[in-house]
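Structure record follows, encoded as structure tokens.
Just so it is clear: chains get the letters A, B, ... in the order the sequence lines come, proteins before strands, and each one is counted from 1. Keep in mind that the numbers below use all heavy atoms, side chains included, and drop hydrogens, waters and symmetry copies.
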Protein chains: 2
Amino acid sequence: MNNTRFATALHILTLLADSNEEWISSEWIASSINVNPVVVRRELSVLNEAGLVLSRKGKAGGSALAKNSSDITLDSIYRAVKNSEVLGKRNEKTNPQCPIGKEINAKLDGLFSSIDDSVIRELQGRTLESFVAEFH
Amino acid sequence: MNNTRFATALHILTLLADSNEEWISSEWIASSINVNPVVVRRELSVLNEAGLVLSRKGKAGGSALAKNSSDITLDSIYRAVKNSEVLGKRNEKTNPQCPIGKEINAKLDGLFSSIDDSVIRELQGRTLESFVAEFH
DNA sequence: TTAAATGTAACAAAAAATATTACATTTAAT
DNA sequence: ATTAAATGTAATATTTTTTGTTACATTTAA
């Protein structure tokens with residue numbers, strides 16, 4: 001994760017959680033994050049697929065949380081936006097002639113996914129509600 | 001971490017651990033990983049700074065582990081190569097007019113570093129020796 | 001019918017990661 | 001001493017990833 005997707009997604013959800021059931025526009029969200037509205041809509045679309053937000057089109061459209069912020073744990077956000085593993089990428093063309101090169105990616109698979117799992121577990125213990133509660 | 005640096009570093013160290021005290025060349029390491037030797041030398045230099053490997057120049061030069069593989073925990077490798085946080089980057093230009101935009105990066109700091117810490121702890125429990133032992 | 005919103009494709013630009021070239025320096029061995 | 005083989009590293013190029021932008025079809029409330 002060398003990108004801003006998690007920060008963007010959590011920012012979006014924090015605004016929605018803080019908006020008293022109002023449907024807020026991507027334009028408005030974008031101005032808080034200070035990124036292009038299209039970037040926000042793209043992320044909203046991902047969060048929608050993950051079942052975290054609802055959106056509606058048309059005049060008076062916008063987005064809102066799909067469930068209570070106490071029922072949204074941070075791991076679901078992470079999972080929705082994650083596009084790489086914690087320990088990064090493997091070298092894909094390791095030498096099959098070399099005993100180490102031949103096997104290392106299989107070994108890395110186990111390590112990489114167990115580290116990823118530990119992050120997921122850590123995030124499962126935190127809710128959007130408690131994150132939002134940190135703001136006053 | 002959306003790069004191959006951890007995989008590359010661990011590959012290098014695995015080869016060194018497996019090499020019976022021989023000093024092996026970056027050329028040889030590169031052919032196992034299948035990357036450019038300069039990439040290997042750059043990473044060796046980082047691992048050297050971290051106190052994990054020794055290198056010597058000249059004919060019959062090469063690299064070797066600086067300490068026993070049982071004394072190398074994976075977190076030291078991770079720390080040496082890590083150049084981004086687990087949850088990625090923050091949006092750097094959030095809106096100071098917005099109550100959320102104004103504070104979110106401070107809140108993310110706490111979250112991001114506690115997740116990073118949990119990864120470090122997880123990696124501390126694993127040694128290079130036991131990783132290498134998985135190969136036969 | 002119009003205004004204001006989403007949804008998304010297509011493309012552009014910027015940033016990050018990786019590869020390559022070149023060469024100075026070091027050191028062992030002949 | 002000279003040579004061969006290695007590291008160290010700067011400079012640059014290329015590729016991949018990330019982010020931004022433009023454009024426009026579609027939806028919906030007023």
Side-chain heavy atoms of A:K102 within contact of A:T94, under 4.5 Å:
no
Here the distance between atom P of C:dA28 and atom CH2 of B:W23, to the nearest Å, is 11 Å
- request: Name the nucleic acid region contacted by A:N36, choosing base, sugar-phosphate or nothing; use a 4.0 angstrom heavy-atom cut-off, strictly under.
  value: base
Atom CZ of B:R41 and atom C1' of C:dA19 are separated, to the nearest Å, by 13 Å
By nearest-nucleotide position on DNA chain C, the 5'-leaning member of A:K59 and A:S55 is A:K59
B:N48 CG to D:dT9 C1', in whole Å, measures 14 Å
Assign each of A:V38 and B:R56 the nucleotide of DNA chain C bearing its closest heavy atom; nearer the 5' end lies the nucleotide of A:V38
**Report entry** Under-4.0 Å side-chain N/O to phosphate OP1/OP2 contact, A:N2 with C:dA17
**Finding:** yes
Between A:F135 and B:I100 the two heavy atoms that sit nearest each other are CE2-O, 3.9 Å
Ranking C:dA16, D:dA5, C:dT8 by distance to the side chain of A:S45, first place goes to C:dT8
Checklist entry - Just checking, any donor-acceptor pair under 3.5 angstrom between side chains of A:N95 and B:S31? => result no
Sorted by position of nearest nucleotide on DNA chain D, 5' first, the leading residue of A:N83 and B:S25 is B:S25
Closest of C:dA19, C:dA22, D:dA29 to the B:V39 side chain is C:dA19
As its Watson-Crick or G-U partner within any shown strand, both distances under 3.5 Å, D:dT21 has C:dA10
- Item | Residue pair A:L65 / A:L52, side-chain heavy-atom distance below 4.5 Å | no
Winner on side-chain proximity to B:K57, out of C:dA3, D:dT7, C:dA19, is D:dT7
query = When we call it a touch if two heavy atoms are under 4.0 Å apart, what does B:S63 touch: a base, just sugar-phosphate, or nothing?
reply = nothing
Using Watson-Crick geometry (N1-N3 plus N6-O4 or O6-N4) or G-U wobble (N1-O2, O6-N3), each under 3.5 Å, D:dT27 is paired with C:dA4
Whole-Å distance, B:E43 CD to C:dA19 C1', equals 14 Å
When rounded to whole Å, the CG to C1' distance for the pair B:L54 and D:dG8 reads 16 Å
From the candidates C:dA3, C:dT18, D:dT7, the one with an atom nearest any side-chain atom of B:R5 is C:dT18
Here the distance between atom P of D:dT19 and atom CD1 of A:I33, to the nearest Å, is 12 Å
B:L47 CG to D:dG8 P, in whole Å, measures 12 Å
N/O (side chain, A:N3) to phosphate O (OP1/OP2, D:dT18) under 4.0 Å: yes
Sorted by position of nearest nucleotide on DNA chain D, 5' first, the leading residue of B:K89 and B:R42 is B:R42
(request) Report, as yes or no, whether the 6.0 Å neighbourhood of atom CD on B:E22 holds more than 12 heavy atoms from other residues, nucleotides or ligands. (result) no
Rounded to whole Å, CD1 of B:I12 lies from P of D:dT7 at a distance of 11 Å
Where does the angle between the aromatic ring planes of A:F112 and B:F6 fall among parallel (under 30°), tilted (30 to 60°) and perpendicular (over 60°)? tilted
